[in-house]
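Below is one structure, written out as structure tokens; comments come after it.
Every chain is numbered from 1, with letters handed out A, B, ... down the list of sequences.
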Amino acid sequence: MNLNATLIGELIAFVVFVWFCMKFVWPPLNGAIEARQKKIEDGLAASDKAEKDLELAREKAAEELKEAKTQASEIIEQAKKRATLIVDEETTRGQQEREKIIAQGHSEIESERNRVKEELRQQVATLAVVGAEKILEREIDQAAHSDIVEKLVAEL
Amino acid sequence: MAAEEVTLSSHIQHHLTNAKMCSTDAGLAFNKACADSGFWTWHIDTLAWSIGLGLIFLWIFRSAAKKSTTGVPGKFQCFIEMIVELVGDNVRDTYHGNSKLIAPLALTIFVWVFLMNLMDLVPVDFLPAFAGFVGEQAFGMDPHDVYMKIVPTTDVNMTAALALGVFILMIGYSIRIKGLGGFIGELTLHPFSSKNKLVMAILIPCNLLLETIALVAKPFSLALRLFGNLYAGEMIFILIGAIGLMQLPLHFVWAVFHIMVIVLQAFVFMMLTIVYLSMASTKSH
């Protein structure tokens with residue numbers, strides 16, 4: 001139990017062990033722990049940031065979707081309006097066309113009727129002249145009485 | 001010699017005696033031949049076990065350090081890093097200076113002292129009996145003349161060496177941080193001080209006496225606390241080991257209790273080392 005040279009031996013051993021620990025054991029272990037802590041910290045920060053970004057992106061997407069919907073409904077509205085407009089225009093145009101066609105038809109009919117009337121008048125005149133010729137036989141000088149016949153024809 | 005009766009007290013005495021080595025005029029001598037060799041006696045069992053355990057500590061931690069990565073650590077690495085973090089946290093909490101030495105010092109003390117204390121849990125008769133057997137068979141010695149104390153911390157030389165190392169560091173840190181004048185001032189100008197120069201001259205010796213005692217008491221308490229706890233624990237193991245078959249339950253109970261003691265004493269030694277060095281490196285006054 002007495003103090004003796006063992007003390008010196010143990011002191012030397014102690015110094016050597018502490019020195020070795022200080023040089024070759026503590027720095028790498030502590031360094032690894034600290035580096036890992038840093039890594040985990042960075043990782044957590046990155047995941048936080050990613051989460052925030054995701055949230056932001058989601059919000060943005062929702063906003064854009066909303067905008068797109070409004071735009072779509074606007075477009076549909078416009079299209080409807082335009083469709084009504086086109087239908088109205090076409091209807092008006094159709095009616096006009098119809099009226100025009102009808103008017104044309106009327107005028108065609110009118111001119112046809114006039115032509116037929118003229119033709120008829122000619123034929124009646126001819127017929128009247130032929131009839132008068134037959135009635136009066138040769139007595140009637142065709143040249144002398146043609147003005148009477150003309151008058152007759154004009155009266156028809 | 002072999003027929004010499006083994007009494008309880010001689011059995012205990014045998015267990016509590018270190019294997020000694022010393023050099024005499026006739027060359028190296030061992031054990032009883034070293035009875036009066038004075039200071040230059042070496043406790044070869046203490047030296048061998050403590051240095052062996054210290055090397056085991058360094059080997060384990062060095063192999064963890066070599067494999068250390070910043071990636072996912074393995075279980076072994078986690079375990080080692082847990083110890084490193086325990087020590088590192090305590091050092092950071094207690095020691096506020098900037099020193100590259102304190103943390104590895106604390107780690108060495110904690111693990112080394114723990115491993116040495118751990119030897120206390122090896123049943124007391126195993127290794128001494130084995131050593132006696134080897135001594136008898138291989139060297140033709142009387143087994144009663146073969147001594148083997150396997151718990152280095154039950155040797156006051158071991159604990160005193162640790163405490164002395166810490167004490168030297170305490171003084172070194174004091175002088176390095178406060179300067180030689182600051183260190184001497186701390187020893188002489190407190191706790192009593194006076195503005196009157198004559199009164200101060202009387203107070204200085206009182207202060208020196210008090211502060212020196214306070215300073216020297218630190219390594220003493222460090223060394224003797226660890227030694228006393230482990231020596232007493234070992235003693236009780238030996239006593240329990242001497243009472244025959246009934247020792248088994250008793251031994252179990254005491255060993256379980258001792259698990260706490262060995263960790264606690266290693267931790268206390270480490271903490272006090274940090275605290276003392278922290279005190280030495282802060283200008284308290």
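The shortest side-chain heavy-atom distance between Glu85(B) and Gln37(A) falls under the 4.5 Å cut-off. Proximity of Pro104(B) to Phe20(A): side-chain heavy atoms (C-beta onward) are nowhere separated by under 4.5 Å. When side chains are defined from C-beta on, Met158(B) does not count as touching Thr6(A), because their heavy atoms never get closer than 4.5 Å. Within the 4.5 Å cutoff, no side-chain heavy atoms of Phe14(A) are placed close to those of Leu164(B). Residues Trp42(B) and Asn4(A) form no side-chain contact, since every pair of their non-hydrogen atoms from C-beta on lies 4.5 Å or further apart. No side-chain heavy atom of Lys66(B) sits under 4.5 Å from any side-chain heavy atom of Phe24(A). Considering only heavy atoms from C-beta on, Cys21(A) stays 4.5 Å or farther from Arg62(B) through its side chain. Side-chain atoms of Val25(A) and Thr108(B), non-hydrogen and from C-beta on, never get closer than 4.5 Å to each other.
The two residues Pro28(A) and Ser68(B) come nearest to each other via the heavy atoms O-OG, 3.7 Å. The two atoms that bring Thr70(B) and Ala32(A) nearest to each other are CG2-O, 4.1 Å, heavy atoms only.
The aromatic rings of Phe17(A) and Trp112(B) sit perpendicular to each other, their planes meeting at more than 60°, with 30° as the lower class boundary.
Within 6.0 Å of atom CD in Glu90(A), more than 12 heavy atoms from other residues, nucleotides or ligands are found, so the atom counts as buried in its surroundings.
If you measure heavy-atom distances from Leu107(B) to chain A, the contacts under 4.5 Å come from the side chain alone.
Options Ile80(B), Thr159(B), Ile44(B), Leu55(B) differ in how many heavy-atom pairs under 4.5 Å they form with chain A, and the most are formed by Leu55(B).
Atom NZ of Lys100(B) is separated from atom CG of Asn30(A) by 11.5 Å, given to the nearest 0.5 angstrom.
Neither side chain, Thr46(B) nor Glu10(A), offers a donor N or O lying under 3.5 Å from an acceptor on the other.
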